[in-house]
Amino acid sequence: MKKVFRILIVAAIMLIAPSASKKQVTLFLVGDSTMADKTELDISPEVGWGQVFPTFLNGKIVVQNHAMNGRSTKSFQTEGRWQVVLDRISKGDIVIIQFGHNDQKQSDPVRYASIPDYMNNLRKMTTEAQAKGATVIIATPISRRHFDSKTGELIPKHTSYPYAARMVAKEMNVALLDMEEATTEWLIGLGDEASKKYFMNVPAGECKKFPDGKIDNTHLRENGALEVGSMAAEMIVNQKIKPLCKYINRDAVAHHPQAVYTIFCRPSFKSDKTVKVESDLKTDLK
């Protein structure tokens with residue numbers, strides 16, 4: 001009887017051990033300010049779409065949002081931020097990479113990456129993440145809200161960078177979230193006036209950070225971040241992007257519940273280059 005009991009105990013342990021030791025999958029978000037976690041929510045309504053992306057997940061995946069204001073494919077790597085992500089990646093994890101806003105800034109050698117360099121940077125990041133066993137998803141940058149005052153037409157502001165991202169995704173056979181296309185259609189559908197409320201167009205007296213008000217048609221409020229995050233989640237489901245599609249909460253995509261925010265995970269960088277770039281954030285992405 002004791003022998004049978006011991007066998008049952010051993011069998012139970014063998015059944016429990018694999019599930020107890022199984023690592024939870026992590027989704028790494030890598031990009032710029034439109035995706036990034038904002039740390040001044042008490043004084044500013046600005047929110048990155050990656051910051052509220054957990055709203056559209058089922059809770060069975062961990063989110064680490066490493067996106068950072070003002071970064072490009074170049075500066076994200078030279079500052080060591082990409083290496084931090086690589087050091088944390090394990091087999092089975094997922095990485096979404098979204099850059100382009102800052103890569104195009106030719107006046108800033110710290111951030112500027114030509115189209116060929118931008119493509120090479122995306123290739124490098126993809127290859128390195130895949131070498132760690134991760135699934136990579138490339139995303140085009142979200143559209144800036146820039147309507148022609150005379151015609152009312154939305155004016156594209158990212159030149160060839162979205163096209164270049166599409167080409168790299170196709171070349172490397174990885175999934176693509178065409179955020180520029182989706183957000184462009186969204187903005188055109190809303191029109192100039194109706195779309196203002198989703199961006200950081202802040203009237204005087206609304207928040208402490210911008211007491212005199214602010215006009216910003218690149219960065220998002222929470223409602224805009226939720227709309228953009230929902231678009232990303234819907235594309236993941238519609239394209240059946242594995243394995244991420246199984247972690248999407250489809251009901252949340254359809255009904256937009258109260259926002260669920262990421263848990264801040266970004267490391268602190270104190271290099272001279274980082275300080276310089278962060279000091280430029282007042283004029284970043286205009």
Side-chain angles (χ1 to χ4, degrees), residues 23-55 57 61-90 93-103 105 108-113 118 121-122 124-126 128-129 132 134 136-137 139 141-142 200 207-210 214 216 218-222 225 228-229 259-286:
K23 174 190 170 293
Q24 194 169 18
V25 173
T26 299
L27 170 62
F28 292 90
L29 302 179
V30 175
D32 55 42
S33 57
T34 61
M35 178 191 263
D37 286 355
K38 308 302 174 180
T39 59
E40 299 178 315
L41 298 176
D42 57 331
I43 60 172
S44 171
E46 184 180 338
V47 176
W49 73 261
Q51 191 166 16
V52 295
F53 196 62
T55 308
L57 301 174
I61 186 171
V62 176
V63 179
Q64 286 196 24
N65 190 3
H66 289 261
M68 182 66 190
N69 292 14
R71 271 52 183 188
S72 66
T73 56
K74 179 181 178 180
S75 62
F76 198 86
Q77 293 185 82
T78 57
E79 289 179 4
R81 296 178 185 276
W82 175 242
Q83 188 60 51
V84 169
V85 174
L86 284 178
D87 290 343
R88 296 186 183 186
I89 289 175
S90 296
D93 289 337
I94 305 164
V95 184
I96 298 178
I97 303 173
Q98 181 212 266
F99 287 102
H101 283 296
N102 300 300
D103 293 79
K105 295 185 176 179
D108 186 350
V110 173
R111 294 182 280 186
Y112 175 62
Y118 172 72
N121 289 337
L122 289 177
K124 177 177 178 289
M125 296 168 85
T126 298
E128 291 177 344
K132 294 294 293 288
V136 177
I137 301 167
I142 70 169
M200 280 291 292
C207 68
K208 291 182 179 179
K209 186 172 183 180
F210 307 109
K214 181 180 177 65
D216 179 346
T218 294
H219 300 95
L220 303 163
R221 291 171 171 266
E222 183 188 85
V228 174
V260 177
Y261 281 61
T262 53
I263 297 173
F264 190 79
C265 74
R266 210 167 54 207
S268 177
F269 284 77
K270 300 298 182 182
S271 70
D272 292 340
K273 288 183 179 179
T274 303
V275 172
K276 178 188 181 301
V277 174
E278 290 181 348
S279 71
D280 293 339
L281 292 181
K282 291 182 180 179
T283 57
D284 183 40
L285 294 181
K286 284 186 177 179

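- Residues S33 and H219 bring a donor and an acceptor atom of their side chains to less than 3.5 Å of each other.
- Considering only residues two or more places apart in sequence or on other chains, V25 meets the side-chain contact (heavy atoms from CB on, under 4.5 Å) condition with I61, D93, I94, Y247.
- Shortest non-hydrogen contact noted between P267 and H66 is CD-ND1, 4.1 Å.
- Residues R71 and E79 are paired through a salt bridge, judged by an N-O separation under 4.0 Å between the basic side chain and the carboxylate.
- Atom CG in D32 sits 5.0 Å away from atom NE2 in H101 (nearest 0.5 Å).
- For the residue pair K38 and N69, a side-chain donor N or O sits within less than 3.5 Å of a side-chain acceptor on the partner.
- The minimum heavy-atom distance between Y118 and F99, with the atom names listed, is OH-O, 2.9 Å.
- The two atoms that bring G100 and P141 nearest to each other are CA-CG, 4.2 Å, heavy atoms only.
- In this structure, L220 and I142 have side chains that are in contact, with non-hydrogen atoms separated by less than 4.5 Å.
- Using a 4.5 Å heavy-atom cutoff, the side chains of R221 and E46 are not in contact.
- For the atom pair CD of E40 and NZ of K208, the computed distance is 12.0 Å after rounding to the nearest 0.5 Å.
- Side chain of K214 to backbone of M200: no donor-acceptor contact under 3.5 angstrom is found.
- Among N121, D87, V30, the single residue meeting the side-chain contact (heavy atoms from CB on, under 4.5 Å) criterion with W82 is V30.
- Within the model, atoms CD of Q64 and OG1 of T262 stand 10.5 Å from one another, a figure rounded to the nearest 0.5 Å.
- The stretch residues 29-55 participates, sequence neighbours left out, in these ring-ring contact (aromatic ring centres under 6.0 Å, His included) pairs: W49-F53.
- Between atom CG of residue L122 and atom CG of residue D103 there is a gap of 7.5 Å, rounded to the nearest 0.5 Å.
- A donor-acceptor contact shorter than 3.5 Å links the side chain of K74 to the backbone of P109.
- The shortest heavy-atom contact between G70 and S75 is O-OG, 4.3 Å.
- By the 4.5 Å heavy-atom criterion applied to side chains, F210 and S44 are counted as neighbours.
- Using a 4.5 Å heavy-atom threshold, the side chains of M35 and I96 count as touching.
- The shortest side-chain heavy-atom distance between Q98 and L29 does not fall under the 4.5 Å cut-off.
- Across D37, V63, L41, N65, a single residue satisfies side-chain contact (heavy atoms from CB on, under 4.5 Å) together with Y261, and that is L41.
- Between the CD atom of Q51 and the OG1 atom of T39 there is a distance of 8.5 Å, given to the nearest 0.5 Å.
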